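Just so it is clear, the structure is predicted and the values come from calculations on it, not from any experiment.
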Amino acid sequence: MKKNVFILMSSILILGGIAAGSFGPIKAIEPKVLRLNFTSDPPTVDPGIAEDSASGTVIRAIFEGLTRLGKDGKIHAAAAESYIVSSDGKIYTFKIRESKWSNGDPVTAHDFEYAWKRALEPKTASNYAYQLYYLKGAEAFNKGTGKAEDVGVKAIDSKTLVVELKNPTPFFTELTAFHTYFPMNKKAVEASVNWAFDAKTIVGNGPFRMDSWVHKSRLVLVKNVNYWDRGNVNIDKISFSIVDDENIMLNMFNNGELDWAGAPTSDIPLDAGPALLASGKLITKPIAGIYFYRFNTDKAPFNNSKIRKAFAYAIDRQMIMAKIPVGHLPATGFVPPSMDLNQDGYFKDNDIEGAKKLLQDGMKEVGITKLPPITLSYNTSSGHSKIAEEIVAQWKSKLGVDVVLEDKQWKVHLEDVHQGKYHVARAGWLGDFNDPINFLEMFKDKDGGNNDTRWENSKYKELLNQSALEPDLEKRKAILAEAEQILMDEMPIMPIYYYAQSWVQSDKVNGVIIDGLGMADYKYADIKQ
């Protein structure tokens with residue numbers, strides 16, 4: 001049999017040689033390269049501490065969780081081959097499929113247990129640790145009142161992961177597709193404190209691997225030959241240029257240097273929006289996300305809720321929408337309307353008289369006749385700049401308030417906000433999973449990882465805790481709506497608009513998944529050649 005196979009293969013090779021000699025050299029297949037742009041370096045590619053969309057974009061490409069969103073928009077088993085759920089909905093048993101890390105190590109259940117407990121470890125200081133609080137014992141461990149061994153995740157053996165939850169959580173398999181729940185290679189992580197900033201030390205288990213990262217210049221991913229489902233990965237390389245000027249980025253696209261420009265890795269220049277929209281080239285998609293400003297409730301004058309509400313009520317969101325004609329919707333609530341908590345909002349937009357009275361009453365409450373100096377911080381972007389300039393102008397004309405603008409690089413902006421070095425700060429939030437709790441739980445605890453407003457309310461916390469125990473979906477919805485009402489009455493944040501993502505893409509590109517939460521997945525992307 002071996003001899004026959006050899007003869008057959010020899011014949012094929014001879015025929016191939018004749019064909020090549022008869023018809024000329026065979027044309028080499030060009031590698032498929034998807035060219036994109038970031039406006040700044042992702043702050044990290046560490047799944048345990050990442051908290052922004054740029055980092056998340058890279059992490060979803062080079063790592064993979066137990067589950068993954070498929071082309072059909074549904075959650076499918078991924079690094080897990082299968083899973084079963086107990087009758088009470090509290091215990092999940094995942095079977096880890098045969099797969100390898102990009103360095104050749106086997107992916108095991110231990111990699112998940114290690115990653116989850118590392119994110120919860122207080123010294124890791126993960127701002128997303130609360131996403132793991134659905135696990136039994138997770139919150140206590142993260143807050144220093146519990147032990148790691150009491151957290152509800154255990155690798156029974158290399159291929160079996162058992163997870164115990166505090167309460168039944170219907171969206172848990174959506175959570176396991178989110179990067180805080182991704183596995184990590186312990187050997188790679190503990191070899192270098194800076195492992196997540198150097199392509200040579202980044203080890204992942206996703207469809208792509210990190211090939212090179214020249215900070216402030218270019219980040220390149222290549223197909224991961226060790227990925228279990230590599231047969232369904234069509235792209236050979238993803239090349240991210242790092243250009244912070246959105247007009248230059250759009251010119252690069254128009255010149256054929258990029259295959260995609262705009263969301264979710266960058267923004268379309270505001271001035272270019274109308275023409276692109278009119279030409280039919282601009283693609284827009286409403287998503288479960290919100291553009292808002294945070295107030296630092298520890299700093300005067302925003303330690304007074306009436307003053308915070310005055311600033312929120314005074315702005316004309318319709319006028320702002322007119323300057324950004326890309327499908328966004330004015331927001332007078334926090335939870336996106338697609339989640340159907342409150343379609344009508346909680347306050348009147350452009351309520352100038354109400355804002356003036358609130359400002360007067362608030363200043364009287366704190367005993368001042370003049371506001372202290374106020375700054376508004378935002379990360380570098382022509383879009384953020386124009387929105388901030390418009391809002392500051394409205395505050396000046398309607399309330400007579402002077403506000404100084406501060407433009408900062410993305411990483412610096414994030415660090416300053418986390419450290420409370422701001423008065424008002426630009427923010428955005430895209431849902432991590434499709435449930436209102438994902439928006440509301442951000443402000444549950446004063447020291448919560450993504451709160452950063454220093455605001456806390458005992459009744460609000462009580463309602464969120466109550467919602468976790470309510471099995472009736474309509475009653476749960478009413479509880480969460482009551483919580484959102486408190487958030488809007490206290491106004492530690494100022495809603496501005498609900499997101500619609502906008503971008504332009506080459507006709508050659510297909511298969512990129514942009515889900516309803518605004519996240520991009522390039523696993524199934526393809527380039528026509």
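In this structure, a donor-acceptor pair under 3.5 Å is present between the side chains of T67 and T176. No side-chain donor-acceptor contact under 3.5 Å links S241 and R35. There is a side-chain donor-acceptor pair under 3.5 Å between W503 and Q505. A side-chain donor-acceptor contact under 3.5 Å links S385 and E389. Judged by distance alone, the side chains of K398 and N350 do bring a donor and an acceptor atom under 3.5 Å apart. Residues N296 and H423 bring no donor and acceptor atom of their side chains to less than 3.5 Å of each other.
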Please output the side-chain donor-acceptor pairs of residues 365-373 that fall under 3.5 Å, not counting sequence neighbours, one pair per line with the distance.
| unit_1 | atom_1 | unit_2 | atom_2 | d |
| --- | --- | --- | --- | --- |
| E365 | OE1 | N304 | ND2 | 2.9 |
| E365 | OE2 | K306 | NZ | 2.7 |

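Atom NZ of K421 is surrounded by 12 or fewer heavy atoms from other residues, nucleotides or ligands within 6.0 Å.
Between Y499 and Y497, a ring centre-to-centre spacing shorter than 6.0 Å is recorded. Taking the six-membered ring for Trp, Y181 and W116 have ring centres closer than 6.0 Å.
For K396, the salt bridge (charged side-chain N to carboxylate O under 4.0 Å, His left out) test picks out D402, with sequence neighbours left out. Applying the ring pair (Phe, Tyr, Trp, His ring centres under 6.0 Å) criterion to H215, with sequence neighbours excluded, gives W213. In terms of the side chain to side chain donor-acceptor pair (under 3.5 Å) criterion, residue partners of D432 (sequence neighbours excluded) are, by chain and number, Y128, Q131, N438. Listed by chain and number, the residues in a salt bridge (charged side-chain N to carboxylate O under 4.0 Å, His left out) with K386 are D271 (sequence neighbours excluded). When the ring pair (Phe, Tyr, Trp, His ring centres under 6.0 Å) test is applied to Y422, no partner is found at least two apart in sequence or on another chain. Considering only residues two or more places apart in sequence or on other chains, Y460 meets the ring pair (Phe, Tyr, Trp, His ring centres under 6.0 Å) condition with W455. For E406, the salt bridge (charged side-chain N to carboxylate O under 4.0 Å, His left out) partners at least two apart in sequence or on another chain are K408. Residues forming a ring pair (Phe, Tyr, Trp, His ring centres under 6.0 Å) with F292 (at least two apart in sequence, or on another chain): F334.
From K477, atom NZ reaches atom CG of L473 across 10.5 Å, with rounding to the nearest 0.5 Å. Once rounded to the nearest 0.5 Å, the distance linking CD1 of I242 with OG1 of T265 reads 11.0 Å. Note that CG of L258 and CD1 of I248 are 11.5 Å apart. Values are rounded to the nearest 0.5 Å. Atom CD1 of I283 and atom OG of S502 lie 9.5 Å apart (nearest 0.5 Å). The OH atom of Y293 sits 8.5 Å away from the CZ atom of R426 when rounded to the nearest 0.5 Å. Once rounded to the nearest 0.5 Å, the distance linking CG of L399 with CD of Q360 reads 10.0 Å.
Considering only heavy atoms from C-beta on, I320 comes within 4.5 Å of I391 through its side chain. Looking only at side-chain heavy atoms (C-beta outward), V153 and V151 come within less than 4.5 Å of each other. Within the 4.5 Å cutoff, the side chain of T39 has no heavy atoms near those of the S381 side chain. Counting heavy atoms from C-beta on, the side chains of Y498 and H328 never come closer than 4.5 Å. For the pair M519 and P264, the minimum side-chain heavy-atom distance is 4.5 Å or more.
With respect to the salt-bridge test (charged N to carboxylate O, under 4.0 angstrom), the residues D46 and R118 qualify. Ion pairing between a basic and an acidic side chain is recognised when a charged N comes within 4.0 Å of a carboxylate O; D521 and R60 show no such pairing. A salt bridge between K309 and E490 is absent, with no side-chain N of the basic residue lying under 4.0 Å from a carboxylate O of the acidic one. Using a 4.0 Å cut-off between a side-chain N of Lys or Arg and a carboxylate O of Asp or Glu, R68 and E64 qualify as a salt bridge. Looking at K357 and E353, no side-chain N of the basic residue comes within less than 4.0 Å of a carboxylate O on the acidic one, giving no salt bridge. Contact check on D435 versus R476 returns a salt bridge, with a Lys/Arg side-chain nitrogen under 4.0 Å from an Asp/Glu carboxylate oxygen.
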Q: Determine, step by step, whether N451 and F443 satisfy the side-chain contact (heavy atoms from CB on, under 4.5 Å) criterion, reporting the C-alpha distance in whole Å, the side-chain angles of both residues, the deciding distance to 0.1 Å, and the verdict.
A: CA-CA 5 Å; N451 187 333; F443 305 104; 3.4 Å; yes
Q. Given the rule in the side-chain contact (heavy atoms from CB on, under 4.5 Å) test, do N465 and K444 qualify, once you have shown the distances and angles that lead to the verdict?
A. CA-CA 9 Å; N465 290 336; K444 183 178 179 182; 2.5 Å; yes
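Pairs passing the ring pair (Phe, Tyr, Trp, His ring centres under 6.0 Å) check and including a residue from residues 347-383, sequence neighbours excluded, read Y313-F347. Residue pairs meeting the side-chain hydrogen bond (donor to acceptor under 3.5 Å, both in side chains) criterion with at least one partner in residues 466-475, sequence neighbours excluded, do not occur; the list is empty. Listed by first and then second residue, the ring pair (Phe, Tyr, Trp, His ring centres under 6.0 Å) pairs that reach into residues 384-403 are Y291-H384, F311-W395, sequence neighbours excluded.
Remark: side-chain polar atoms of D515 are paired, donor with acceptor, to backbone N or O of L517 under 3.5 angstrom.
Closest approach of S239 and R218 over heavy atoms only: OG-NH1, 2.9 Å. Closest approach of N37 to S266, counting heavy atoms only: O-OG, 3.8 Å.
Using cut-offs of 30° and 60° on the angle between ring planes, the pair F171 and Y134 is perpendicular.
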